[in-house]
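One structure below.
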Amino acid sequence: MPDVEILMAGAYPEWDMVDLEATYRVHRLWEAADRQALISKVGSNIRAIATRGELGASADLMKQLPKLEIVSCYGVGTDAIDLSYARAKGIRVTNTPDVLTEDVADIAIGLLLSTARQIPQADVFVRTGQWGNVPMPLVTRVSGKKVGIVGMGRIGKAIAKRTAAFGCDISYFARNRDQDVAYGYEANLVALANWADFLIVIVPGGAATMKIINAEVLEALGPEGMLINVSRGTTVDEEALIAALQNRTIQAAGLDVFLNEPKIDARFLTLPNVVLQPHHGSGTIETRKAMGKLVRDNLAAHFADRALPTPVV
Ligand code: 8YV
């Protein structure tokens with residue numbers, strides 16, 4: 001169907017680009033010197049947007065595409081897509097759940113171990129010849145500690161399973177208790193932070209979770225506590241987090257997500273007690289291949305009038 005025109009909000013790996021460009025007439029928004037000029041030129045022909053979790057699709061963009069039928073998102077989080085606009089206009093929206101669950105849970109554990117055991121700092125310690133000259137500072141144990149999980153969806157459950165294997169005591173915060181899990185439920189986020197040694201955030205982004213990790217939660221987590229965020233930058237009050245890290249009112253943080261990615265707040269780069277990741281929770285070859293396939297399968301199903309494999313709207 002090379003006559004079907006689609007707008008891509010950002011790049012996908014080469015293997016997806018090759019396939020998409022063989023199937024559709026692809027317009028690369030991220031490469032346009034003047035994005036608005038490209039939208040004005042081709043907007044009236046666009047029937048699908050292929051986007052990524054962090055790029056989404058705003059109502060402002062969708063309004064300029066009168067023939068838009070579907071937004072297919074490479075990512076599980078659809079918080080950057082204006083779902084109410086899509087719903088109101090009958091525009092379908094799909095995402096890539098399940099295929100990335102295990103990898104995002106893995107990176108949460110990687111960040112937890114890296115932050116508590118100071119693995120990146122220890123690597124620098126060896127590389128810079130400090131080993132043997134000064135003692136490596138002692139670090140914090142992970143096994144057997146109290147882990148508070150903020151969000152008990154698919155990825156939250158996968159994180160819980162992993163921390164259970166470390167002999168950790170697990171409790172979670174969510175809007176409602178999940179009858180399928182036996183972990184402790186805490187309806188008060190400040191109380192969970194107060195109890196936990198480590199707080200791991202994996203709630204969806206969006207208005208409902210905006211800055212739920214605020215100064216009060218961080219204060220409750222306390223000077224020995226550590227924060228791990230693999231959700232969205234929006235869930236954390238970054239001013240409060242940077243102040244807490246600078247003043248050591250929490251001990252450390254491990255972060256995969258930020259506000260204004262990739263131009264994150266420069267103060268993070270100067271803090272010794274934070275481990276940084278470039279929003280790479282789903283960034284394995286295996287998962288990215290599965291995500292790309294799911295985006296393409298959703299588009300193909302839509303244009304063949306078949307049921308969408310993973311619909312959101
Ligand atoms: C990104 C994500 O979409 O699944 C999500 O919600 O945030 C990620 O998987 C990924 O970085 C692709 O851009």
Side-chain angles (χ1 to χ4, degrees), residues 6-17 19-20 26 28-31 48-58 61 70-83 86 93-111 149-159 200-210 212-213 228-236 238 254-264 276-299 308-313:
I6 76 170
L7 185 67
M8 290 192 69
Y12 287 16
E14 197 46 34
W15 53 71
D16 292 318
M17 295 306 302
D19 194 291
L20 286 167
V26 173
R28 299 177 170 218
L29 186 58
W30 76 99
E31 281 181 356
I49 294 176
T51 188
R52 301 200 315 237
E54 69 276 31
L55 301 173
S58 64
L61 172 64
I70 180 167
V71 178
S72 193
C73 179
Y74 182 85
V76 69
T78 52
D79 49 297
I81 301 175
D82 195 323
L83 296 181
V93 177
T94 63
N95 66 346
T96 60
D98 300 318
V99 294
L100 47 67
T101 298
E102 305 302 330
D103 279 351
V104 179
D106 286 353
I107 212 76
I109 300 304
L111 276 173
I149 303 180
V150 183
M152 195 40 75
R154 285 174 281 233
I155 305 173
K157 289 189 176 88
I159 293 171
I200 304 181
V201 189
I202 184 60
V203 277
T209 58
M210 187 71 70
I212 54 166
I213 307 299
I228 306 298
N229 188 11
V230 289
S231 63
R232 283 289 183 265
T234 53
T235 62
V236 174
E238 281 193 353
L255 308 171
D256 186 44
V257 288
F258 306 84
L259 295 176
N260 305 320
E261 296 168 9
K263 294 189 172 39
I264 65 170
L276 308 171
Q277 276 279 307
H279 195 151
H280 219 230
S282 65
T284 66
I285 295 164
E286 294 86 345
T287 283
R288 289 290 168 86
K289 284 200 165 163
M291 289 164 65
K293 180 170 184 312
L294 205 40
V295 166
R296 297 197 306 276
D297 287 351
N298 275 292
L299 290 173
L308 302 178
T310 49
V312 176
V313 172

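Note that the structure is predicted; figures quoted are calculated from it, not measured. Numbering of ligands and ligand atoms starts at 1, following listing order.
L259 and E238 make their closest contact through N-OE2, 2.8 Å (heavy atoms, listed as atom of the first residue, atom of the second, distance). Counting all heavy atoms, side chain and backbone alike, E261 lies closest to D256 at OE2-O, 4.4 Å.
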side-chain hydrogen bond (donor to acceptor under 3.5 Å, both in side chains) between T94 and S72, intermediate numbers included: CA-CA 5 Å; T94 63; S72 193; 3.0 Å; yes
From CA spacing to verdict: side-chain hydrogen bond (donor to acceptor under 3.5 Å, both in side chains), D103, T284: CA-CA 7 Å; D103 279 351; T284 66; 2.4 Å; yes
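Taking a cut-off of under 4.0 Å to the non-hydrogen atoms of M291, the atoms of ligand 1 that pass are 9 (O). For ligand 1, the atoms sitting less than 4.0 Å from at least one non-hydrogen atom of Y74 are 3 (O), 12 (C), numbered in the order shown with element in parentheses. Remark: ligand 1 atoms within the under-4.0 Å shell around heavy atoms of G53 are 3 (O). Near V76, with a cut-off below 4.0 Å to any heavy atom, the atoms of ligand 1 are 4 (O), 5 (C), 6 (O). Close contacts between ligand 1 and R52 involve ligand atoms 13 (O) [criterion: under 4.0 Å to a heavy atom]. The ligand atoms of ligand 1 that sit less than 4.0 angstrom from a heavy atom of S282 are 8 (C), 9 (O), 10 (C). Close contacts of ligand 1 with L100, meaning ligand atoms under 4.0 Å from a residue heavy atom, involve 4 (O), 9 (O).
Atom 6 (O) of ligand 1 has its nearest heavy-atom neighbour, among R288, R232, E261, in R232.
In this structure, the side chains of W30 and L55 stay at 4.5 Å or more apart for every pair of heavy atoms. Residues V99 and V76 form no side-chain contact, since every pair of their non-hydrogen atoms from C-beta on lies 4.5 Å or further apart. L299 is listed as a side-chain neighbour of L20, based on a closest heavy-atom distance under 4.5 Å. Side-chain contact check for S282 versus T287: some heavy-atom pair is nearer than 4.5 Å.
By the 3.5 Å distance cut-off applied to N or O atoms, G77 is counted among the residues near ligand 1.
Ligand 1 has no atom lying under 4.0 Å from any heavy atom of H280.
Among all protein heavy atoms, the one lying closest to atom 13 (O) of ligand 1 is E54 OE1, 2.8 Å. If you check which protein heavy atom lies closest to atom 2 (C) of ligand 1, you get H279 NE2, 3.5 Å.
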